[in-house]
Undergrad: 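Handing you a structure now.
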Amino acid sequence: MSEPKKIKSFHRRSRTSQTAPSGPIAVEPPAMAIERAPEILMEPEAKLPVREPVEDPRTPVWSRLRVGKIDAAQVVRRALPLVDRFRDTESAKAIDLLRTRLLHTLRAQGWRRVAIAAPTSGCGATWMTVNLAQGLARVPNSRTIVMDMNFRKPNVARALALSDDGDMVGFLSGRVPAHRHLMRLSDGLSVGLNRAGKVSGSEILQNPTTSKAIDTMMTDSRADVALFDLPPVLEHDDLTAFLPQVDGVLLVADGTRTTAKDLAACEKILAGHTQLLGVVLNRARAD
């Protein structure tokens, strides 16, 4: 398999005084039964019931979240590339390896917030986010949150075959509390969905209310890891705007289209502002 050009690691300014391990995590999950992760455009035909949130403030926030369910029939019918369906594949093993190495790094540094993005569109950042989240959620006694921060083209709900959506703008503005915005899919996994589309998220992400909402969510939910799915690094400034809210960035490169020049440009944007946690090579090609 081809190797992505490795990028040197950076040191975040304020989260911790510890030194992160040198070099990024380089993991190459090969394609599953498909050559290219599909662009997911179809909406589910039927809505599965969602249990409403518990309003009693004495109940812990994680237990108060509204409860939803992944539509398994839609996952199969639309052939969504969720590795939870293919636990014996090389792709599933690669995701598990990435999860474990990422957890080791986060725990060693006391970090919890990870932004996931690609240099350009179509590299599979959302695919990587939801599959990594499902892998993290399988760790016993752990809690993972996925936040769809792509206001221009939100895709987490479609990627997980969820018929519901969410008011991410309302949540980040403080109008919608976390227990009404987040949806718990299992004991270890919750998602924050986004109904916006073709919206410039940069201004929203730089609003001081966003920082307060994220901080409160992390404190009240007691989540171990939060994954933030963001637009492409080289196409919009949304990730740059959101960097103060995360501990590091995981880049998703496409073995069929991402170039060394793209990765170098991402390095330049991230340098001095955050920690590069790794470069994941998606759709790797055999030599």
Side-chain angles (χ1 to χ4, degrees), residues 12-18 20 50-68 99 102-117 129-130 132-151 156 166-194 201 204-230 238-239 241-250 273-275 277:
R12 200 169 194 283
R13 294 180 299 188
S14 59
R15 291 281 180 189
T16 178
S17 60
Q18 292 178 287
V50 176
R51 195 189 76 188
E52 289 301 305
V54 177
E55 297 295 346
D56 187 349
R58 296 170 297 180
T59 304
V61 167
W62 195 264
S63 299
R64 294 170 62 192
L65 303 181
R66 58 198 181 113
V67 178
R99 169 202 64 191
L102 179 63
L103 276 177
H104 287 170
T105 298
L106 296 181
R107 289 170 176 171
Q109 304 300 324
W111 294 339
R112 297 194 294 163
R113 309 180 189 190
V114 178
I116 299 180
T129 300
V130 297
L132 178 57
Q134 289 189 318
L136 288 165
R138 286 195 300 273
V139 177
N141 301 312
S142 68
R143 294 175 177 178
T144 299
I145 296 177
V146 172
M147 299 292 282
D148 192 342
M149 309 300 277
N150 192 336
F151 292 89
V156 169
D167 186 3
M168 184 65 76
V169 175
F171 167 68
L172 295 178
S173 69
R175 297 194 308 271
V176 179
H179 74 279
R180 296 200 67 85
H181 176 63
L182 297 176
M183 179 190 297
R184 182 156 51 89
L185 303 180
S186 68
D187 289 342
L189 178 62
S190 294
V191 295
L193 303 177
N194 196 341
I204 297 170
L205 296 175
Q206 293 183 78
N207 191 321
T209 62
T210 292
S211 175
K212 182 178 179 181
I214 297 297
D215 288 345
T216 301
M217 177 190 76
M218 295 301 294
T219 299
D220 292 348
S221 69
R222 299 180 183 178
D224 297 283
V225 180
L227 303 179
F228 300 90
D229 186 35
L230 284 129
D238 298 39
L239 175 67
F242 196 61
L243 287 180
Q245 311 308 324
V246 299
D247 298 306
V249 175
L250 193 65
H273 297 286
T274 194
Q275 176 75 32
L277 297 173

Undergrad: Just one of Leu243, Leu172, Leu239 clears the side-chain contact (heavy atoms from CB on, under 4.5 Å) bar with Leu205, so which one?
TA: Leu172
Undergrad: Locate the shortest heavy-atom distance separating Ser221 from Ile145; write the atom from each residue and the value.
TA: OG-CD1, 3.6 Å
Undergrad: Less than 4.0 Å between a side-chain N and a carboxylate O, is that true for Asp215 and Arg113?
TA: yes
Undergrad: Taking only residues two or more places apart in sequence, or in another chain, which ones meet Arg138 in a salt bridge (charged side-chain N to carboxylate O under 4.0 Å, His left out)?
TA: Asp84, Asp96
Undergrad: Would you check if Val191 and Asp148 make a side-chain contact, meaning some heavy-atom pair closer than 4.5 Å?
TA: no
Undergrad: At what distance, to the nearest 0.5 angstrom, does CG of Leu102 lie from CD1 of Ile116?
TA: 7.5 Å
Undergrad: Identify the two heavy atoms, one from Leu189 and one from Ala133, that lie closest to each other, and give their separation to 0.1 Å.
TA: CD1-CB, 4.0 Å
Undergrad: What heavy-atom pair brings Val225 and Leu227 nearest, and what distance separates the two atoms?
TA: CG1-CD2, 3.8 Å
Undergrad: Does either side chain, that of Ser211 or that of Gln245, offer a donor lying less than 3.5 Å from an acceptor on the other one?
TA: yes
Undergrad: To check you understand the geometry: which heavy-atom pair defines the closest contact between Leu65 and Ala178, and what is its length?
TA: CD2-O, 3.8 Å
Undergrad: Exactly one of Leu250, Thr129, Val249, Leu132 should register a side-chain contact (heavy atoms from CB on, under 4.5 Å) with Val114. Which one does?
TA: Leu250
Undergrad: Please report the closest heavy-atom contact between Ser173 and Gly170, naming both atoms and the distance.
TA: OG-O, 2.9 Å
Undergrad: Any side-chain heavy-atom pair from Asn141 and Asp224 closer than 4.5 angstrom?
TA: no
Undergrad: Just to verify, what does Asp238 make a salt bridge (charged side-chain N to carboxylate O under 4.0 Å, His left out) with, not counting sequence neighbours?
TA: Arg152
Undergrad: Let's go through Trp111 and Leu277 carefully: what are the C-alpha distance in whole Å and the side-chain angles of both, what is the deciding distance for side chain to side chain contact (heavy atoms under 4.5 Å, CB included) to 0.1 Å, and is it a yes or a no?
TA: CA-CA 11 Å; Trp111 294 339; Leu277 297 173; 3.6 Å; yes
Undergrad: Walk me through it: do Val146 and Phe228 pass the test side chain to side chain contact (heavy atoms under 4.5 Å, CB included)?
TA: CA-CA 6 Å; Val146 172; Phe228 300 90; over 6 Å; no
Undergrad: Any heavy-atom pair between the side chains of Leu182 and Met217 that's under 4.5 Å?
TA: yes
Undergrad: Measuring from atom CG of Asp167 to atom CZ of Arg180, what distance do you get when rounded to the nearest 0.5 angstrom?
TA: 11.5 Å
Undergrad: Give me the atom names and distance for the closest heavy-atom approach of Leu230 to Ala115.
TA: CD1-CB, 3.6 Å
Undergrad: Compare all side-chain heavy atoms of Arg184 with those of Arg66 and state whether any distance is below 4.5 angstrom.
TA: no
Undergrad: Heavy-atom distance under 4.5 Å between the side chains of Leu136 and Leu103, does that happen here?
TA: yes
